[in-house]
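Worth knowing before you read on, the calculation uses all heavy atoms, side chains too, and leaves out hydrogens, waters and symmetry mates. Atoms within a ligand are numbered from 1 in the order they appear, just like the ligands themselves.
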Amino acid sequence: MAQQIVEKEILEILEKNRQKCAVCQKCSLGKSRTKSVFSGGIPNHKLMLIGEAPGYWEDQKGEPFVGKAGILLDKIFASVGLSRQNDVYICNTLKCRPPDNRNPLPEEKAACREYLDVQVGLLKPKIILLCGNIAVQSFLEGSRGITRVRGQWFDGPYGSKMMPIFHPSYLLRNDTREKGGPKWLMWQDIQEIKRVYDSLS
Ligand code: URA
């Protein structure tokens with residue numbers, strides 16, 4: 001287990017931001033959400049996953065990745081011995097659910113960025129996984145689609161290594177296990193992520 005101790009001050013600031021986010025009205029999603037979804041998993045300095053936005057179940061429960069996509073995400077991590085309980089801090093680009101799960105609007109992403117910047121800036125994770133196109137667009141310049149950039153390491157904030165990976169919802173829609181297919185590619189990517197994860201102190 002590679003859990004690292006996160007300083008009390010950092011946990012306190014994260015908690016303050018969670019509370020601020022819970023009553024946030026910086027964009028119109030503040031009116032339509034049930035619960036904001038600040039983070040899940042374990043705060044740590046090693047591994048962070050950034051997804052898109054809460055869906056129906058996340059909005060109900062206030063936890064990220066608890067629907068079908070989340071179950072698959074947990075399985076992907078478990079396949080290399082990682083878990084959200086012990087190893088991964090999970091958050092989203094948007095903290096509130098867009099109605100009908102539509103794509104986030106630019107003004108929603110801009111309003112919510114403050115929270116993501118706090119999370120990344122405080123934890124300064126050594127590895128950041130950009131899960132799906134929306135997260136990729138928030139950190140990589142240009143309009144390169146996920147299929148072109150997945151599995152590659154990029155320089156991220158605070159000296160981190162950043163890798164775009166397929167979103168589990170995409171894998172659920174493209175269920176083939178064929179060599180070269182999305183699931184097969186994800187399997188390559190998670191093994192590479194684990195290799196680098198293990199090499200970190
Ligand atoms: N999809 C995401 O990107 N995030 C969640 O929390 C749930 C589904």
Side-chain angles (χ1 to χ4, degrees), residues 14 17-18 20-22 24 26-27 29-30 32-44 47-78 82-120 123 125 127-140 144-147 149-151 156 162-175 182-183 185-186 189-190 193:
L14 285 173
N17 274 273
R18 180 193 297 278
K20 188 172 157 192
C21 189
C24 180
K26 284 176 71 188
C27 78
L29 299 182
S32 55
R33 71 163 175 249
T34 310
K35 289 185 178 173
S36 67
V37 179
F38 187 70
S39 71
I42 179 108
N44 72 90
L47 182 56
M48 174 183 285
L49 177 134
I50 303 175
E52 180 177 329
Y56 175 82
W57 286 110
E58 291 78 19
D59 174 72
Q60 294 289 310
K61 297 189 176 174
E63 279 283 317
F65 284 101
V66 289
K68 275 189 193 159
I71 293 169
L72 178 55
L73 184 66
D74 285 345
K75 283 187 186 159
I76 292 165
F77 279 129
L82 296 174
S83 72
R84 68 169 88 193
Q85 289 80 11
N86 294 319
D87 308 291
V88 196
Y89 183 79
I90 300 180
C91 56
N92 282 310
T93 309
L94 286 196
K95 310 307 189 211
C96 295
R97 181 189 183 210
D100 302 320
N101 299 339
R102 63 156 168 72
N103 280 342
L105 302 174
E107 59 268 29
E108 293 162 354
K109 285 195 272 185
C112 219
R113 182 71 194 218
E114 151 191 358
Y115 298 113
L116 189 54
D117 285 344
V118 163
Q119 291 170 311
V120 174
L123 292 172
I127 301 173
I128 299 177
L129 304 179
L130 302 173
C131 185
N133 263 324
I134 302 294
V136 169
Q137 286 158 12
S138 297
F139 286 88
L140 296 182
R144 290 167 289 183
I146 185 79
T147 44
V149 292
R150 60 128 282 281
M162 249 175 7
M163 185 191 280
I165 57 170
F166 284 134
H167 195 284
S169 302
Y170 175 75
L171 300 177
L172 288 170
R173 292 194 302 271
N174 295 273
D175 203 22
K183 278 199 165 166
L185 291 170
M186 178 58 113
D189 295 349
I190 196 67
I193 290 159

Worksheet item: Considering only heavy atoms, does Ser169 approach ligand 1 within less than 4.0 Å through its side chain, its backbone, both, or neither?
Response: neither

Worksheet entry | Arg113 side-chain N/O to Ser138 backbone N/O, donor-acceptor pair under 3.5 Å | yes

Practice prompt. Check ligand 1 against Gly51 and write out every atom of the ligand that is under 4.0 Å from a heavy-atom position of the residue.
Written response: 3 (O)

Worksheet item: What residue among Val136, Leu129, Val120, Ile90 forms side-chain contact (heavy atoms from CB on, under 4.5 Å) with Ile50?
Response: Val120

Worksheet entry | Interfacing atoms of ligand 1 (cut-off 4.0 Å, heavy-atom, Glu52) | 2 (C), 3 (O)

Worksheet item: Which atoms from ligand 1 have a heavy atom of Pro64 less than 4.0 Å away?
Response: 6 (O)

Worksheet, complete the sentence: Closest to atom 4 (N) of ligand 1 among protein heavy atoms sits Asn92 OD1, 2.8 Å

Worksheet item: Has Ala69 got any heavy atom lying under 4.0 angstrom from an atom of ligand 1?
Response: no

Discussion item. Please check whether Glu58 reaches ligand 1 - meaning an N/O of the residue sits under 3.5 Å from an N/O of the ligand, judged on distance alone.
Written reply: no

Worksheet item: Hey, does Gly55 come in under 3.5 Å of ligand 1, counting only N/O atoms on both sides?
Response: no

Practice prompt. Dump the intermediate steps for side chain to side chain contact (heavy atoms under 4.5 Å, CB included) on Asp175 and Lys183, then the final yes or no.
Written response: CA-CA 7 Å; Asp175 203 22; Lys183 278 199 165 166; 2.5 Å; yes

Worksheet entry | Contact check, Glu63 vs ligand 1, heavy-atom distance below 4.0 Å | no

Practice prompt. Spell out, as yes or no, whether a donor-acceptor pair under 3.5 Å connects the side chain of Gln137 to the backbone of Ile134.
Written response: no

